[in-house]
Amino acid sequence: MCGGLQYLSMFVTGVAYVITTATCMRAIQKSNCYHREGSGASCAYGNTFYMLVFGSSQIFFSQIPAFHKMEWLSTLATIMSFFYASIGIGLGAAKVAANGWIKGSISGVPTHTSPQKVWTVFQALGDIAFAYPYSLILIEIQDTLKSTPPESKTMKRASMFAILITTFFYLLCGGFGYAAFGDLTPGNLLTGFGFYEPYWLVDFANACVVVHLIGGYQVYSQPIFAFVEKFFAEKFPKSGFINNAYPIRVPLVPEFGITLFRICFRTVYVLATMGMALLFPYFNQILALLGALNFWPLAIYFPVEMYIVQKKIDRWTRRWVFLKGFSLACLFVSVVALVGCIEGLVTAKLG
């Protein structure tokens with residue numbers, strides 16, 4: 001069950017990355033338009049063209065084997081993340097200073113009815129649950145590590161530093177963003193156009209997001225490719241369509257073999273994520289759905305159950321009751337978040 005949810009969440013992550021990348025590319029064009037025409041200009045652009053551009057590039061990158069394991073890709077993603085997160089924090093802090101006061105309230109965004117408030121709170125829980133989605137690929141990352149020291153120790157240390165650094169940036173971005181714009185805070189600080197100037201800095205930050213997600217899409221897609229291709233290769237060992245590899249040479253990449261099945265399956269997969277993004281191009285709701293889907297089973301239930309077995313914790317002891325209660329509480333959060341984001345998707349689609 002956890003494996004199935006893991007692959008489903010990876011697919012939805014691909015959909016979210018298509019939406020986010022298209023939104024950022026569109027934001028660059030809008031930023032330039034506002035700079036030329038002024039902040040009162042319409043500057044209305046759609047997402048469809050940019051989704052098609054991103055999808056076309058991913059069809060090509062998807063054919064490169066082990067693309068997600070190239071060391072330079074992780075280094076580049078880290079640098080890009082640091083750049084756009086720092087720019088977002090800096091712009092938010094500058095906006096607060098320019099306003100001269102801190103916007104926002106304890107009660108948050110007002111709604112017309114109490115049920116609407118409940119739905120938005122539930123959806124927000126899903127957005128928060130999405131904040132740490134690396135549980136989807138933690139096992140895959142650990143599988144690439146070399147022993148001495150043991151992989152588990154290296155992964156624990158990496159996870160601790162990653163969570164601390166990520167939390168630091170998340171809290172600053174969220175805090176300064178809400179302090180700068182209050183109830184009008186956009187879902188994506190860099191694309192919601194609370195910031196108009198300096199336009200070149202907004203453009204650069206969005207370009208960093210695009211570069212990051214081009215590689216990030218492959219990080220979350222390649223495990224699915226490997227699983228499906230291995231399954232069919234073992235199921236049909238004599239099929240030339242599935243197993244016959246043809247050598248391909250691409251500049252800057254070592255020669256690799258490619259099969260007709262790989263071309264077809266990976267192309268269809270990218271088209272499927274792109275099609276879902278075109279059908280549901282709703283940034284916040286998709287992220288909330290993804291967070292609600294993978295938070296409890298992959299980040300809570302699976303690790304807690306493994307811990308209980310490894311430590312041989314007896315039933316109904318104080319520690320066992322605490323861990324089970326913690327897991328049930330997180331399950332409740334995931335369920336209400338899932339209900340809230342489904343309602344948000346349906347409302348956005350019908351609206």
Side-chain angles (χ1 to χ4, degrees), residues 13-62 72-73 75-95 98 127 130 169-170 172-174 176-177 180-181 184-221 270 273-287 348:
T13 300
V15 176
Y17 279 15
V18 174
I19 296 171
T20 307
T21 306
T23 304
C24 290
M25 289 192 286
R26 183 188 65 174
I28 294 173
Q29 189 173 6
K30 289 181 69 174
S31 175
N32 294 333
C33 173
Y34 286 135
H35 178 70
R36 293 191 311 268
E37 308 294 337
S39 59
S42 60
C43 296
Y45 303 99
N47 279 335
T48 302
F49 172 75
Y50 302 105
M51 289 183 182
L52 294 175
V53 170
F54 179 74
S56 300
S57 69
Q58 291 303 329
I59 290 175
F60 169 75
F61 288 128
S62 294
W72 63 266
L73 189 63
T75 303
L76 181 64
T78 302
I79 294 172
M80 294 298 102
S81 299
F82 178 78
F83 277 154
Y84 67 70
S86 299
I87 291 171
I89 293 170
L91 289 174
K95 184 72 172 178
D127 284 324
F130 175 74
F169 278 104
Y170 279 161
L172 286 181
C173 281
F176 278 119
F181 302 107
L184 298 179
T185 305
N188 186 332
L189 280 178
L190 297 175
T191 63
F193 285 94
F195 308 113
Y196 293 95
E197 297 292 344
Y199 81 99
W200 58 268
L201 189 60
V202 177
D203 287 355
F204 177 70
N206 280 300
C208 289
V209 176
V210 172
V211 173
H212 179 195
L213 296 190
I214 287 175
Y217 182 96
Q218 290 300 315
V219 169
Y220 285 96
S221 299
V270 174
T273 59
M274 191 166 58
M276 289 297 294
L278 289 168
L279 190 61
F280 297 100
Y282 312 116
F283 178 77
N284 275 17
Q285 291 87 340
I286 290 294
L287 294 190

Is the shortest side-chain heavy-atom distance between Ser81 and Phe169 below 4.5 Å? no
Is a side-chain donor or acceptor of Ser31 paired with a backbone partner of Ala27 at a separation under 3.5 angstrom? no
Chi angles and distances behind the ring pair (Phe, Tyr, Trp, His ring centres under 6.0 Å) call for Tyr217, Phe54: CA-CA 10 Å; Tyr217 182 96; Phe54 179 74; 5.7 Å; yes
Can you tell me how far apart NE2 (His212) and OH (Tyr17) are? Round to the nearest 0.5 Å. 5.5 Å
Heavy-atom check, side chain of Val202 versus side chain of Leu91, under 4.5 Å: yes
Within a strict 4.5 Å, meaning less than it, do heavy atoms of the Met25 and Asn47 side chains meet? no
From CG (Asn206) to OG1 (Thr23), nearest 0.5 Å: 9.5 Å
Please report the shortest heavy-atom distance between Tyr282 and Ile19, naming the atom on each side. N-CD1, 4.1 Å
Can you label the angle between the Phe204 ring and the Phe83 ring as parallel, tilted or perpendicular, going by 30° and 60°? tilted
Can you find a pair of side-chain heavy atoms, one from Met51 and one from Pro281, that are under 4.5 Å apart? yes
Testing the basics here: between Cys173 and Ala85, what is the closest heavy-atom pair and its distance to 0.1 Å? SG-O, 3.8 Å
What's the separation between atom CD1 in Ile87 and atom CG in Leu190, rounded to the nearest 0.5 Å? 7.5 Å
To the nearest 0.5 Å, what is the distance between OG on Ser56 and CE on Met274? 6.0 Å
Give, for atom CG of Asp203 and atom SG of Cys208, the distance between the pair rounded to the nearest 0.5 Å. 11.0 Å
Would you name the heavy atoms of Gly14 and Thr273 that are closest together and state the gap between them? C-CB, 4.3 Å
Distance col, row Met80:CE vs Leu213:CG, nearest 0.5 angstrom, shows 12.0 Å
For Ser62 and Val270, which heavy atoms make the closest approach, and how far apart are they? OG-CG2, 3.5 Å
Heavy atoms of Val210 and Cys24 approach each other most closely as CG2-CB, 3.8 Å
Heavy-atom pair of closest approach, residues Tyr45 and Cys33: OH-CB, 3.6 Å
